[in-house]
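A note on names: the letters A, B, ... follow the listed sequences, proteins ahead of strands, and every chain is numbered from 1.
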2 protein chains.
Amino acid sequence: MKQLSILSKIQNHMERFSPAEKKVAMYIMEHAELVPNMTTKDISKNAGASEASVVRFCKTIGIGSFKALKLTLVRELTIADMNINDFSIIEKKDTPFDLFNKVTYVNKAAVESTTATIDRKELEKAAEAMVKAKKILFYGVGGSAASALDACYKFTKLGYVSMMSHDFHMMIPLIANLEPNDVLVAISTSGRTKDVLEIVQFAKKKSATVIAITKLDPSSPLYKEADIKLCVPDVEQDHRIGSMASRMTQLNIIDALYLITFHQMGSSVIEKFHEAREEVVRLRR
Amino acid sequence: MKQLSILSKIQNHMERFSPAEKKVAMYIMEHAELVPNMTTKDISKNAGASEASVVRFCKTIGIGSFKALKLTLVRELTIADMNINDFSIIEKKDTPFDLFNKVTYVNKAAVESTTATIDRKELEKAAEAMVKAKKILFYGVGGSAASALDACYKFTKLGYVSMMSHDFHMMIPLIANLEPNDVLVAISTSGRTKDVLEIVQFAKKKSATVIAITKLDPSSPLYKEADIKLCVPDVEQDHRIGSMASRMTQLNIIDALYLITFHQMGSSVIEKFHEAREEVVRLRR
DNA sequence: TAAAAATATGAAATAAAATTTCAATCTGAG
DNA sequence: CTCAGATTGAAATTTTATTTCATATTTTTA
């Protein structure tokens, strides 16, 4: 039989808690992953009960101390899965540290959630395309520009002619010089950024392979146009705040693409790679 | 190949510990499973060193506090049989999808591990500094340039005069125009990039506040020079592959800084923010 | 080789967190 | 009502973690 986890124990006990304990229980159930980094004071504030009640709560559920509860929770949560991906949990009274913990949690969840949208076959197609390419271009604007820059840097290290710009007009001549089998990686979570779409169309005209990093949405133009779709989840974001998680998901996919390419290239290239790295360490500007 | 495992990190570092730290390290290696339930005093007694040395030991191995060490140990000891925690497990026969899963795992772990190095007080100092600043500059080179770009974009959205460049020579005049209370965010995981250090020194001469995003390493020059240190874990990477995880940790901290600043600014600014966003959606280039 | 600088260390002070105490406040049975 | 028992949080206390600082040690420099 399955060992009764501490969280379900709390759940089962819910009816029998006193009002103050119940507040604590509710808070802990809903923010279990934050608890290990919190103090009794933090929790009392957030749950609207006293510190004493937090400690009493621990005893009530049969755990000796608050510290023991934290350890128990960490142990259980390392295996647990997660589901939040928005910032509805942000509250007025949050301290910087609270906010940090929440961001960390959301980002972790975002990375995790890329597993749900990525497609094996598309990854394989991407791997194949990367090997065939001489030149690789990356294009993303606004929030996606940083991802493009990161990707560009990584593939340069692999010895590709790899370029990016967030300037539409700069991209045009770059695209004009693409040859068949070269790759354009277009990054736009929404899949509806006009500049990106125009660049993609131009690249297709030059018979380049277009890889899109975009959210899984069959109705989006970018999704429809791309030869290869590496999909990020639609991490529904609090629009007041703007997307943070989407950058994480883009980068996670870029990292994968990089590692896959690296893996395929084999040891031949690795020497040059090594050489460049040593030079960097030596010069260390 | 190295990884995110704290115990092997301690092992690898063994030669470089000071005598007192070494005693602590030895004790912890041998009794790792007991440590989460011990206090600094317990350990100092058992290891034959002072409590201060226990705390210092944590910093030396790149973990922000003793409490964080305890949490990290619990996580690892429970995760141990969940096998993967680094890239040593990359095998020839890995499919692209396998590689994707491994990258995802590593990135998630990297984000998670920032909780071990961040310091509450430094976050609060950073929050304060950001509110006082008129102008914010970001500087990072190589792999850190993408993080700087991302940060710059985010803070521009908040209405700051926010700039970045990865060109050293371009940075000079930007720094020259900084005023007291303005902020320079210097991003360098190693904390030893020469360009970055020179920029930091110049900024300090202009009385700007320097926030460093760097690994927790008390001996690194950037760590020593910065007014405020937001530390990322030393996700020691397979040097054949180059760092992926470190970008994740940088971005996680940048996201936190952004959210904290946003949170502090309050609703006054949120309107302008909204306005810009709606314009973006309308124009959607 | 001596002086100066940098590093390392633990005792003690301080800060932070957890726990306990206790007086005030409820709650409900008689 | 009223009183016994339960519940609660403010404040005191205890425990734990962290920082400071003076001293000791090593390393560098002159």
With sequence neighbours left out, the residues meeting salt bridge (charged side-chain N to carboxylate O under 4.0 Å, His left out) with Asp42(A) are Arg120(B)
Charged N-O contact under 4.0 Å between Lys108(A) and Glu33(A) | no
Compute the centroid of each ring, for Phe57(A) and then for Phe66(A), and state whether the two points are separated by less than 6.0 Å.
-> no
Roughly how many Å is it from NZ in Lys59(B) to P in dT18(D), rounded to a whole number?
-> 7 Å
Taking side chain as C-beta onward, heavy atoms only, is Ser147(B) less than 4.5 Å from Ile254(B)?
-> yes
dT19(D), dG10(C), dG9(D): which one has an atom nearest the side-chain heavy atoms of Lys23(A)?
-> dG9(D)
side-chain contact (heavy atoms from CB on, under 4.5 Å) with Asp227(B): which of Lys125(B), Glu122(B), Lys204(B)?
-> Lys204(B)
When the side chains of residues 20-27 of chain B are checked against the rest of the protein, which donor-acceptor pairs come out under 3.5 Å, sequence neighbours left out?
residue  : atom : partner  : partner atom : Å
Glu21(B) : OE1  : Ser18(B) : N            : 3.1
Glu21(B) : OE1  : Ser18(B) : OG           : 3.4
Glu21(B) : OE2  : Thr60(B) : OG1          : 2.5
Lys23(B) : NZ   : Gly48(B) : O            : 3.0

Output a table of nitrogen or oxygen pairs between the protein and nucleotides 11-17 of chain D separated by less than 3.5 Å.
residue : atom : partner  : partner atom : Å
dA17(D) : OP1  : Lys70(B) : NZ           : 3.0
dA17(D) : OP2  : Thr40(B) : N            : 2.6
dA17(D) : OP2  : Thr40(B) : OG1          : 3.4

Round to a whole Å and report the spacing from NZ of Lys22(B) to C1' of dA8(C).
-> 15 Å
For the helix from dT1(C)-dA30(D) to dG30(C)-dC1(D), what is the angle between the axes at its two ends, each from 5 pairs, rounded to 10°?
-> 10°
Distance in angstrom units between Phe57(A) CZ and dT7(D) C1', rounded | 16 Å
Gap separating the CG atom of Leu230(B) from the CD1 atom of Ile213(B), nearest 0.5 angstrom = 6.0 Å
Distance check: side-chain N/O of Ser53(A) vs OP1/OP2 of dG9(D), anything under 4.0 Å?
-> yes
Assign each of Arg120(B) and Ser50(B) the nucleotide of DNA chain C bearing its closest heavy atom; nearer the 5' end lies the nucleotide of Ser50(B)
For Phe17(A) and dA6(D), what is the distance between atoms CZ and C1' respectively, to the nearest whole Å?
-> 17 Å
Name the atoms and distances for all side-chain donor-acceptor pairs under 3.5 Å in residues 165-181 of chain B, with sequence neighbours left out.
residue   : atom : partner   : partner atom : Å
Ser165(B) : OG   : Asp167(B) : N            : 2.9
Asp167(B) : OD1  : His169(B) : N            : 2.8
Asn177(B) : ND2  : Pro173(B) : O            : 3.0

Would you call Asp255(B) and Lys154(B) a salt bridge, taking side-chain N to carboxylate O under 4.0 Å as the test?
-> yes
What nitrogen or oxygen pairs link the protein and nucleotides 21-25 of chain D at under 3.5 Å?
none

Could you go through the side-chain contact (heavy atoms from CB on, under 4.5 Å) check for Arg247(B) and Ser144(B) one step at a time?
-> CA-CA 7 Å; Arg247(B) 222 127 326 141; Ser144(B) 303; over 6 Å; no
At their closest point, which heavy atom of Pro233(B) faces which heavy atom of Thr114(B), and how far apart are they?
-> CD-CG2, 3.7 Å
Identify whether any heavy atom of Lys121(B) sits under 4.0 Å from a base atom; if not, whether one sits that close to sugar-phosphate; answer base, sugar-phosphate or nothing.
-> sugar-phosphate
